[in-house]
Asks: 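Here it is, the structure, as structure tokens.
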Amino acid sequence: MRPDAFLLPAINSDSRFIAVAYSSRSPLHLKHIHAHLLRHGLLTGSSPVAAAILAASTPLRCIPYALSFFHCLPSPPSPHLFNALIRALSDSFLPAAALSYLALMLSSGYRPGRLAFPFALRSAAALCSSSSAAVLHSSAAKCALDVDPFVRTSLADAYSKLGSHDLALKVFQETPPWLLSSNILLWNVAITVSCRSERMNHARRLFDEMPERNVASWNSMVDGYMKAGDVDIAVELFERMPEKNVVSWTTMVAGFSLNRDYERALTTFDSMLGAGIRANNFTLSAALASCAKMGALNAGIRIHEYARRRAFREDGAVGTALVDMYSKCGKVELASQIFAGMKERDIETWTAMIMGWAIHGCWGEAFHCFEDMKCSSIEPDGGAFLAILVACSHAGKIDTGLEIFYSMKCEYKIQPNIKHYTCIVDLFGRAGRLKEALEFLNLMPIEPDYVLWGALLSACRANKNIEISELAAEKLLKLKPTHSGSQVIMSNMYAGAGMWDGVEKVRASLKKSSLIKEPGWSYIELEGKAHHFFSGDLSHPSAGEIYAKLEELVTKAKKEGYQPNMEWVLHDIEEEDKSGSLRLHS
DNA sequence: TTCGCACAAT
């Protein structure tokens, strides 16, 4: 494109150049303005147009150009230009450079103005550098700039992001009332900090006390209650909100999902679209995660279609959520197609794909994926190791699994957590090597939790090992007394081995503790509606037809040689009923 | 032109 096609004010007017710079849609536009200014000798290090070009480069994310622009100015850059560059860098992949340019600015004899601090603090937070934040805090205080509302808010925000909740609240509390009353954002930061440090009562007090609230104040509270598990209060606040934006809706979708109410997450997503609010990347990722968690393939496909219609890039969080959704809904090939089409993959994307192959028992694909990830210079983290270990345990690759597990500690310096250990116990257990599982468990440097004992117990059940299962069940029950499933397993194992006094003992203790085994359930998704089924459930309006069809299928299956495995059903039910309770569930 | 709230793998 020729530059003249879209710009070139006829007169030498800064304000028109500035307007054109801000309306630029690509770095190329900025370069044209740049060239024009150079050609006519209009560019200096202190011209407002120069600052505008740098400022306009921030949303275009062209850091290399911004840097070369800055360094090729015909005269020394003004503080204004330093600020613009620091801002662009603070929001980029090079936050450390923002701090370097702040230092350069100081050594050039400039004092950082009230504009430089917020950007520099944002960089410190992006770098996870508490020490930088502390240095910036004291320099701001020396320049008497820490009373500036923006600087104060940025300080509190940086401390909050760095996890220094108490320091963030201190900044808020030490703010004089006359500064506080007009600064909603500082209140909002204080609310967010209180929520993150699990002080909902404190957050609520601030929320009730603040002189004026905006939509973000409400969103923070709703999010806080959701994260604390207080779904009802979150819903109540959400309904009372005077104004809802896309963040409010996304918070609800993600909140329901976090609290395992996936159906409400999806109906909320639909209500949002119905209210005429457009979904963004955040919303789609949250909604897709709910589909993945409950295996709602059709809902997932619908959301995928929405994303395609609206030309969302299937990258980043949305791409990862799609890979995860298709994998968890049984469509690992589709997941793999999405994965292959993604241009940017981060550790989470790779992990979702490896886990997808792993849970489908595709060992070779999972392993190749793991190796490809390392080749594309992404260091595996704990999550990626967990995924490949799951692949090993599902495929019975004991030696490879152990090798990977030890390389994690020795080569990658990653401390395995309880989930990794559980995976190894599972690895031995599935292969029937229960003694080794137990030995491994006893040598673990961390305390086993009930999930781990549960994995061992399942392995014992599959391998009919009474001795170790007694130990596992005992430990499990001690750690999680409400876990009735382990008792039922024990009862069945005793019965299977003909140890009737064992059965009696478990029965007695079950009765005494009045534990009731939660019934297993499944659901099927039909035309966008989920239908739940419990074992022996007759509540569905079409129950008659459903069971007739089931009967027909089971008869057919029996003719083909199907024999229900009755070992795992409680043993005191009559034979006839036993096979019934198996097929009436799933 | 500067500050806040929501998302993806285990």
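Protein chains get the first letters and strands the later ones, always in sequence-line order, with residue 1 at the start of each.
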Asks: Please give, in whole Å, the distance from dG4(B) C1' to M221(A) CE?
Replies: 15 Å

Asks: How would you label the contact of D346(A) with the nucleic acid (heavy atoms, under 4.0 Å): base, sugar-phosphate, or nothing?
Replies: base

Asks: Rounded to the Å, how far apart are K161(A) NZ and dA6(B) C1'?
Replies: 13 Å

Asks: Is K244(A) close enough to dA6(B) that one of its side-chain N or O atoms is under 4.0 Å from OP1 or OP2 there?
Replies: no

Asks: Is the distance from OP1 or OP2 of dC5(B) to the nearest side-chain N or O of R196(A) less than 4.0 Å?
Replies: yes

Asks: Is R213(A) positioned over the aromatic face of F207(A), cation under 6.0 angstrom from the ring centre and no more than 45 degrees off axis?
Replies: yes

Asks: Indicate, with a heavy-atom threshold strictly under 4.0 Å, whether D381(A) touches base, sugar-phosphate, or nothing.
Replies: base

Asks: For residues F339(A) and W350(A), establish whether the separation of their ring centroids is below 6.0 Å.
Replies: yes

Asks: Tell me whether S123(A) contacts the main-chain N or O of F119(A) through its side chain, where contact means a donor paired with an acceptor under 3.5 Å.
Replies: yes

Asks: For the side chain of N219(A) and the base of dG4(B), is some donor closer than 3.5 Å to an acceptor across the two?
Replies: no

Asks: Mind checking if F150(A) touches a base, just sugar-phosphate, or nothing, with heavy atoms under 4.0 Å?
Replies: base

Asks: Ignoring the backbone of T320(A), work out which of dA9(B), dC5(B), dC3(B) is nearest its side chain.
Replies: dA9(B)

Asks: K227(A) side chain: which of dT10(B), dT2(B), dA6(B) is closest?
Replies: dA6(B)

Asks: Please pick, from dA8(B), dA6(B), dC3(B), the nucleotide with the shortest atom-to-atom distance to any side-chain atom of A321(A).
Replies: dA8(B)

Asks: Closest approach to the side chain of S220(A), judged atom by atom: which nucleotide of dC3(B), dC5(B), dT2(B) is it?
Replies: dC5(B)

Asks: Is the distance between the ring centroids of F70(A) and F82(A) under 6.0 Å?
Replies: yes

Asks: How many whole angstroms separate atom CG of L258(A) from atom P of dC7(B)?
Replies: 9 Å

Asks: To the nearest Å, give me how far apart CZ (R152(A)) and P (dC3(B)) are.
Replies: 18 Å

Asks: Return the nearest nucleotide to the side chain of K419(A); candidates are dC7(B), dC3(B), dT10(B).
Replies: dT10(B)

Asks: Starting at CZ of F282(A) and ending at P of dC7(B), how long is that distance when rounded to a whole Å?
Replies: 8 Å

Asks: Could you tell me if E314(A) and H304(A) have a donor-acceptor pair between their side chains, going purely by distance under 3.5 Å?
Replies: yes

Asks: Just call it for A254(A): base, sugar-phosphate, or nothing, with non-hydrogen atoms closer than 4.0 Å on any strand.
Replies: sugar-phosphate

Asks: Applying a 4.0 Å non-hydrogen cut-off, can you work out what R345(A) is touching in the nucleic acid: base, sugar-phosphate, or nothing?
Replies: nothing

Asks: How long is the line joining CG of L288(A) and C1' of dA6(B), in whole Å?
Replies: 15 Å

Asks: So if I take every side-chain heavy atom of Y22(A) and compare against dT1(B), dA6(B), dC3(B), which nucleotide ends up nearest?
Replies: dT1(B)

Asks: Rounding to an integer number of Å, can you tell me how far M241(A) CE sits from dA6(B) C1'?
Replies: 11 Å

Asks: Any idea which of dT10(B), dG4(B), dC3(B) is nearest the N214(A) side chain?
Replies: dG4(B)

Asks: Base, sugar-phosphate, or nothing: which does N280(A) touch, judged by heavy atoms less than 4.0 Å apart?
Replies: base

Asks: Whether the side chain of D146(A) engages the backbone of H137(A) through a donor-acceptor N/O pair (distance < 3.5 Å, no angle test) should be reported.
Replies: no

Asks: Quick one: which of dC3(B), dC5(B), dC7(B) gets closest to the side chain of A317(A)?
Replies: dC7(B)

Asks: Describe the nucleic acid contact of R122(A) in one word from base, sugar-phosphate, nothing, applying a heavy-atom distance below 4.0 Å.
Replies: sugar-phosphate

Asks: Does a nitrogen or oxygen in the side chain of K328(A) sit under 4.0 Å from OP1 or OP2 of dA9(B)?
Replies: no

Asks: Given dC5(B), dA9(B), dT2(B), identify the nucleotide with an atom nearest to the side chain of R114(A).
Replies: dT2(B)

Asks: Kindly give the heavy-atom pair with the smallest separation between T267(A) and R264(A), and that separation in Å.
Replies: OG1-O, 3.0 Å

Asks: Tell me: CG of N183(A) to P of dT2(B), nearest whole Å?
Replies: 15 Å

